[in-house]
Every structure is written in structure tokens, then in C-alpha cells.
Participant: 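Let me give you the structure first, and then I'll get to my questions.
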There are 2 protein chains.
Amino acid sequence: MGDDAAVLHAPDGRVVATTDLLIEGRHFRRDWSSAADIGHRAAARNLADVAAMGAVPAALLVGFAGPGDTDVDWVLELVRGIAAEGAAAGASVVGGDTSSADTVLLAVTALGDLAGLDPVTRSGARPGDVVALAGTLGAAAAGLALLMAGAQVQADSALAEPIAADPAMPAPLRADSALPELVQAYRRPRPPYDAGPQAAALGASSMIDISDGLIADLGHVAAASGVQLELWPAELAAEAVAPAGALAAAAAVLGAPDWLRWVLTGGDDHALVATFSPGVALPERWTVIGEVTRGHGILVGGRRWSGPGGWDHFRGSDADGAQAIG
Amino acid sequence: MGDDAAVLHAPDGRVVATTDLLIEGRHFRRDWSSAADIGHRAAARNLADVAAMGAVPAALLVGFAGPGDTDVDWVLELVRGIAAEGAAAGASVVGGDTSSADTVLLAVTALGDLAGLDPVTRSGARPGDVVALAGTLGAAAAGLALLMAGAQVQADSALAEPIAADPAMPAPLRADSALPELVQAYRRPRPPYDAGPQAAALGASSMIDISDGLIADLGHVAAASGVQLELWPAELAAEAVAPAGALAAAAAVLGAPDWLRWVLTGGDDHALVATFSPGVALPERWTVIGEVTRGHGILVGGRRWSGPGGWDHFRGSDADGAQAIG
């Protein structure tokens, strides 16, 4: 810091790099998340992309812009959140830039180290491979739905003050003690960073970070690899993959038609999905959720998915950011 | 492109990294610069920071956000400008992100390779060293002043259509054929990228990219190195450093009191200034503009400079973005 640029060690001789923009009102809301939460999420999103290549996160560069009257303590808390999430993944904040802007925006770049392993891309899935997941699906999307339903929910995400204790929250949102964990999953996703290098070491044939929803993101893998991915609904609904009890409670509170949609189309949890040769002995953290077959696109329970993230299947079209799949 | 992150070669085992935010209305105006110009400038700013560490630029990551109705051709031209400037410096665009936003904004990250040389920081200047410059000072600041004075100047910066040919421009701005080169210097600065690694190879004791103005940026070197930098006015006014004839013409047209202020406080040209042991034989592109002595802060012609970028000395205070020096 203080020089024109930072110098990082790249002992492997390669470096993995990714960048993201996060804009207030589009990627976060200050009334839904604390500054620290926003920092954690912004960093997690990039760090998970590094892990999804099979690399160990090493460094973050952070561009911050905001209105001139932005509270300095708020900004410092944001930066501490970014640094803390980086530290949890093994990365340091090594550089940055600040500017003024009408709204708060963040540009986060994450760099990572492959530690001698080959990068894992989206294009190597082969028929016969198993599809396996590390991390959680659906929790963050359900948490976001809860926040959207109860906008007066408190922004402080400290676990010492669970949102269920907030008397300003609509009564239904206080009804189930499982709901705060969903909101917390949205505010501070916990990507399984070390599962990325682990998958690379196990010889994963492809890998991706689930940020736009399982169907949409695996659609990218299917297209890049020229294969079809068949997903198994029972495995997707297992506790190892999704917090089914909490999701069902949230669906009931919100009058949502089907909580599995959060599992299939929800982003923001940043689980990792990889494909492996069927003979690979997978550690317990990896749950097999399907298999790779000849063809194209995604099948769930043998049915073809199409449209924006499969959303059509549930309740008509919705522009929730999920992407079209083939 | 297409995977979660890019993989770059870093044969040196280290990587130099820097990031910048550029926001419409603050860092660029669409009526003053073409999309390609804005792209060139955005990339140049970061690539020059990499060069100022003594590194060879290798890669760019680009975050772009803009209103949903932004013209696609404009965006593509912007991206081509970034890629072209990167190519001129030896860097490829390897990744990026797009989003929607109320105004156009760019987040550019540049990565570079030290090729076995030590990075050159701001803190190594020693009394007895010479201060030398590669590149140009003042031209971009004068060009910006011309644009501010004649807002109807045409935005197309193609050299085939020099701004002097624009009949809509106020008559004084068409008076001198040297003026278009100043506007062009603002729109498409030409940092001497390869002078950075050259200085590192010559054993430069410190180096910095001049982006906030000579006085302000050398103030950082003086502070970080714990030394005083004495600059020589005659050398700063030499054609090798500043286009004195064009600057004088612009000052006359604009009624500006002193064109040397553009040389001393103008940013955006992205010249490189380095300090070297006095025994180093400098290639012709490096012009000695002063010397390092014991003390602190900056002297110009033996006079102490203070206040925002030395601006006080010329015509009272001005908040033109130059920074305070010690």
C-alpha cells in the first residue's frame, strides 16, 4: 500500500484473477445488511470464483466509491468486513482506490494461487462423471425473500441479536427460529473456499461457483462441456445440500409455492459444484447430486428445464437474474 | 473468459496489481471524449501504475456498468479502446464484469510482471540521486483546460479530424495548430510504459507515475523516502519535458497566467519520474529535472512549495484535485 501498485507472491508461476462490481440498490441495500455484511458478501463473491478454479485465494484489491457524506465509520466497517472475509479465505487486501459517486459502489478483484494444480474450468465434464456439491443451496435466496417481504427487518446481522427478536418485524417472520439463519445466509454467505483446491487435487473434470442459481450455472457447464447434466431431486432436497426444514418454514411463512425453487434457482450461497470421474472417492463434504450424460442442458428428475433458471416451471416467468439455459 | 476466473502466467513468481475506479462526470465526460478515448485513458491510468513499479503490464480486468439504455456500439468502442491501450503496453483483457448503474463507471485492474527485477517503490530516493523524467508533463492538463473553456469542442478525437477543424469551436481555440495536440494528450495520454522496466533495470532508487501532478506525486516520494526533492525550472520548461510552445499558446488563448502551472500540477499525462544514483548513464528518453537532497518536501528553483499542488504560488487556491505536499 502507498506505492503505485502492490507486489504479490505468485510462487506457482500462474495467478488466478477475477473482478466484480457491486452497486447499491442492485447488489446490496444498506437497510438490509450492515456495512460489515456488505463487505463480507462482496469479498465472498470474488473469493468463491477463485476457489471455483481450484485456486487458493491470495489477495484482494478493492475500489470503493460513495457520496461525500457517507459515514466514515460505515465505510471502515465495510472495509473491515472485506478484510475479514478475505482472511477467512486466506487472502489479504493489498490495494485499492477510492472515489466519490452518487451511490455506493464496490469493485472487488480477487487473485489466487493454483499451488501447482491445473485450473478447473467449466468445459471438462464428461459423460459418466458424477456431479457433486460442496456448500449450501437455497438458504441465501430464501433469506433474501424474507428480507423483501419484511423490509423493516433490522439491518444488524450480529448473531447476538437475531432478527426473530425484532418486534418491528411482521409476526409471521418471528414465528420460526430457523428463519434468522436464512437471513444470515444471505447477509454473510459462507462459500466452502477450501473445497475448491480440494476438488482440483481430486482431479475434478469441471467446477463452477453457484452464484446465479444451480440451473443457470450448471447450464454454463453443460454448454461449455457439450454434455447433459441430470440432477436428482431427492439428493437436492437432502439436509447436506439444503436446509430443508428452514426452507419449508420460510415458504410457509411467505406463502411461496415451492421451496425447491430456491435450491434450483437461488444465487448468493456460493456453493461449489464439480464433476468427478465416478471412481473418485469423494470426501464427506461433497454430496453427489446427479450425473453427467450425453446430450445438452439440464434435467431435473428426468424433466427438461428451460427458460430463465427453470423459473417458468414453478410459477411463470420472473426476471430474478437467473440466466437462460440450453 | 467464460470461466469463474482467468488464469495468467506469472513466470517471475510475483505479480504487480493495481485497481482504479473511473466514474462518469468525475473522471471523464462523454461529450469531451469518444468511447475509445475513455477506454484508452482508463487503461493507461492503470498500466502506467504497473510500469511505475518497474513491471511489464500483462493483463487487464475490466468492470463496466452503465444505464440500461447505453448504446451498445458505444460500449463496444469503449472496450476496444481499453483493449487497444492494453495491447500497446503488452497487456491483454483477461476478465471482467458488467452491471447496470445510473451512470457509466469503469473499474480497471491491471496486472504486471517484474521479469526478475526488484520492484521500484517510492521510498528509496537517497540524497545525491538525480531526479529524471520520461514522458510529457502539462499537455493533458492544458488540453483539459481547453475542453473546459470550449465545451462545444467535438468529441471525435480521431487524428484525421483534428479539433482545430471544428467550426463550432470558439475562434480563439482554432487559432493555433498546436492546440489539438494538447486536447489529444488529454484524451489519449501516452505513458512511456517501457521506461518503467528500463528504470528498474538501471537500478532506479524510486519511481512514481505522475497522475495527480508533479508536485503532489513527488511529495509522496519525498515523504516516503524521507528526503527533499529540488526541481530545476529551466529543465522542466525544456521541450523534452513539456511542449512549451503549445502550452504557451494555450495559456495565451485561455488568458491563463502561467503555463508552467500545468507542468507542475497537471495530472493525466502519466509521465514516469524516477531517482537514480548520479553515476547511472541514463538513456536519452530520461531527462534530469532535479536532484535529491537532505530535508523534506519539494523545492522548485530553490523555493519551498506548499498548499494544494503548489497552486497557491500561481494564482490563489484552487481545488483542482492536486494534493497537499509536505
Side-chain angles (χ1 to χ4, degrees), chain A residues 2-23 25-27 46 48-53 55 59 61-65 94-103 105-112 114 119-123 196 207-209 211 220 224, chain B residues 2-23 25-27 46 48-53 55 59 61-65 94-103 105-112 114 119-123 196 207-209 211 220 224:
Chain A
D3 282 303
D4 291 284
V7 180
L8 321 172
H9 286 280
D12 173 81
R14 295 164 299 174
V15 64
V16 168
T18 184
T19 197
D20 265 321
L21 287 174
L22 294 99
I23 297 169
R26 290 180 169 82
H27 299 101
N46 280 268
D49 279 335
V50 168
M53 297 297 290
L61 295 105
V62 181
F64 171 85
V94 299
D97 185 32
T98 58
S99 178
S100 58
D102 293 335
T103 55
L105 62 95
L106 282 164
V108 181
T109 298
L111 305 177
L114 286 161
V120 185
T121 68
R122 300 175 179 180
S123 59
M207 185 154 49
I208 197 165
D209 151 60
S211 53
H220 299 316
Chain B
D3 282 302
D4 291 283
V7 180
L8 320 172
H9 286 280
D12 173 81
R14 295 163 299 173
V15 63
V16 169
T18 184
T19 196
D20 265 321
L21 286 175
L22 294 99
I23 298 169
R26 291 180 168 84
H27 300 101
N46 279 269
D49 279 335
V50 167
M53 297 297 290
L61 295 104
V62 181
F64 171 85
V94 298
D97 186 31
T98 58
S99 179
S100 59
D102 293 335
T103 55
L105 61 96
L106 283 164
V108 181
T109 299
L111 305 177
L114 286 161
V120 185
T121 68
R122 300 175 179 181
S123 59
M207 185 153 50
I208 196 165
D209 152 60
S211 52
H220 299 316

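These figures come from a predicted structure and were not determined experimentally. Lettering of chains follows the sequences in order, A, B, ..., and the numbering in each one begins at 1.
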Participant: Heavy-atom distances under 4.5 Å only: say whether A:Leu8 touches chain B with side chain, backbone, both or neither.
Facilitator: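 Contact with chain B is through both the backbone and side chain of A:Leu8.
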Participant: Between A:Asp209 and A:Arg122, is there a salt bridge with N-O shorter than 4.0 Å?
Facilitator: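 Looking at A:Arg122 and A:Asp209, the cut-off is not met.
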Participant: Among A:Thr103, A:Val120, A:Asp102, A:Leu22, which residue forms the greatest number of heavy-atom pairs with chain B at distances under 4.5 Å?
Facilitator: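 So the answer, after comparing A:Thr103, A:Val120, A:Asp102, A:Leu22, is A:Asp102.
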Participant: If you compare all heavy atoms of B:Ser99 against all heavy atoms of A:Arg26, which two are closest, and at what distance to 0.1 Å?
Facilitator: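 It is OG-CD, 4.5 Å.
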Participant: Side chain of B:Arg14, backbone of B:Leu114: donor and acceptor closer than 3.5 Å?
Facilitator: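 Flag not set: sc B:Arg14 to bb B:Leu114 has no pair under 3.5 Å.
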Participant: Could you walk me through whether B:Asn46 and B:Thr109 pass the side chain to side chain contact (heavy atoms under 4.5 Å, CB included) check?
Facilitator: CA-CA 7 Å; B:Asn46 279 269; B:Thr109 299; 5.7 Å; no
Participant: For chain A, find which of B:Val15, B:Val7, B:Thr121 contributes the most heavy-atom pairs closer than 4.5 angstrom.
Facilitator: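 That would be B:Val15.
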Participant: Chain B heavy atoms under 4.5 Å from A:Ser100: which part of the residue, side chain, backbone, both or neither?
Facilitator: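 Both backbone and side chain of A:Ser100 come within 4.5 Å of chain B.
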Participant: Is B:Ile208 in contact with chain A via its backbone, its side chain, both, or neither, using a 4.5 Å heavy-atom distance?
Facilitator: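 Contact with chain A: backbone and side chain both.
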Participant: Can you tell me how far the CZ atom of A:Phe64 sits from the OG1 atom of A:Thr98, to the nearest 0.5 Å?
Facilitator: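 Nearest 0.5 Å value for the CZ-OG1 distance: 8.5 Å.
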Participant: Out of B:Leu21, B:Leu61, B:Val16, B:Thr18, return the one with the most heavy atom pairs under 4.5 angstrom to chain A.
Facilitator: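 Max contact count across the listed options: B:Leu21.
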Participant: Quick check on A:Ala224 against chain B: is it the side chain, the backbone, both or neither that has a heavy atom closer than 4.5 Å?
Facilitator: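 Neither part.
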Participant: Evaluate the side chain to side chain contact (heavy atoms under 4.5 Å, CB included) criterion for residues B:Val94 and B:Leu111: first the C-alpha distance (whole Å), next the side-chain angles of each, then the deciding distance (0.1 Å), finally the verdict.
Facilitator: CA-CA 10 Å; B:Val94 298; B:Leu111 305 177; 5.7 Å; no
Participant: For chain A, which candidate among B:His9, B:His27, B:Met53 shows the most heavy-atom pairs at distances under 4.5 Å?
Facilitator: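 Highest number of pairs under 4.5 Å: B:Met53.
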Participant: Is B:Ala17 close to chain A through its backbone or its side chain, or both, or neither, when contacts mean heavy atoms under 4.5 Å?
Facilitator: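 Both backbone and side chain.
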Participant: Pick from B:Ser123, B:Pro119, B:Ala101, B:Ala110: which one has the most heavy-atom pairs with chain A under 4.5 Å?
Facilitator: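 The answer is B:Ala101.
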Participant: Heavy atoms only: give me the nearest B:Gly96-A:Thr19 pair and the separation to one decimal.
Facilitator: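 Closest approach of B:Gly96 to A:Thr19: CA-CG2, 3.7 Å.
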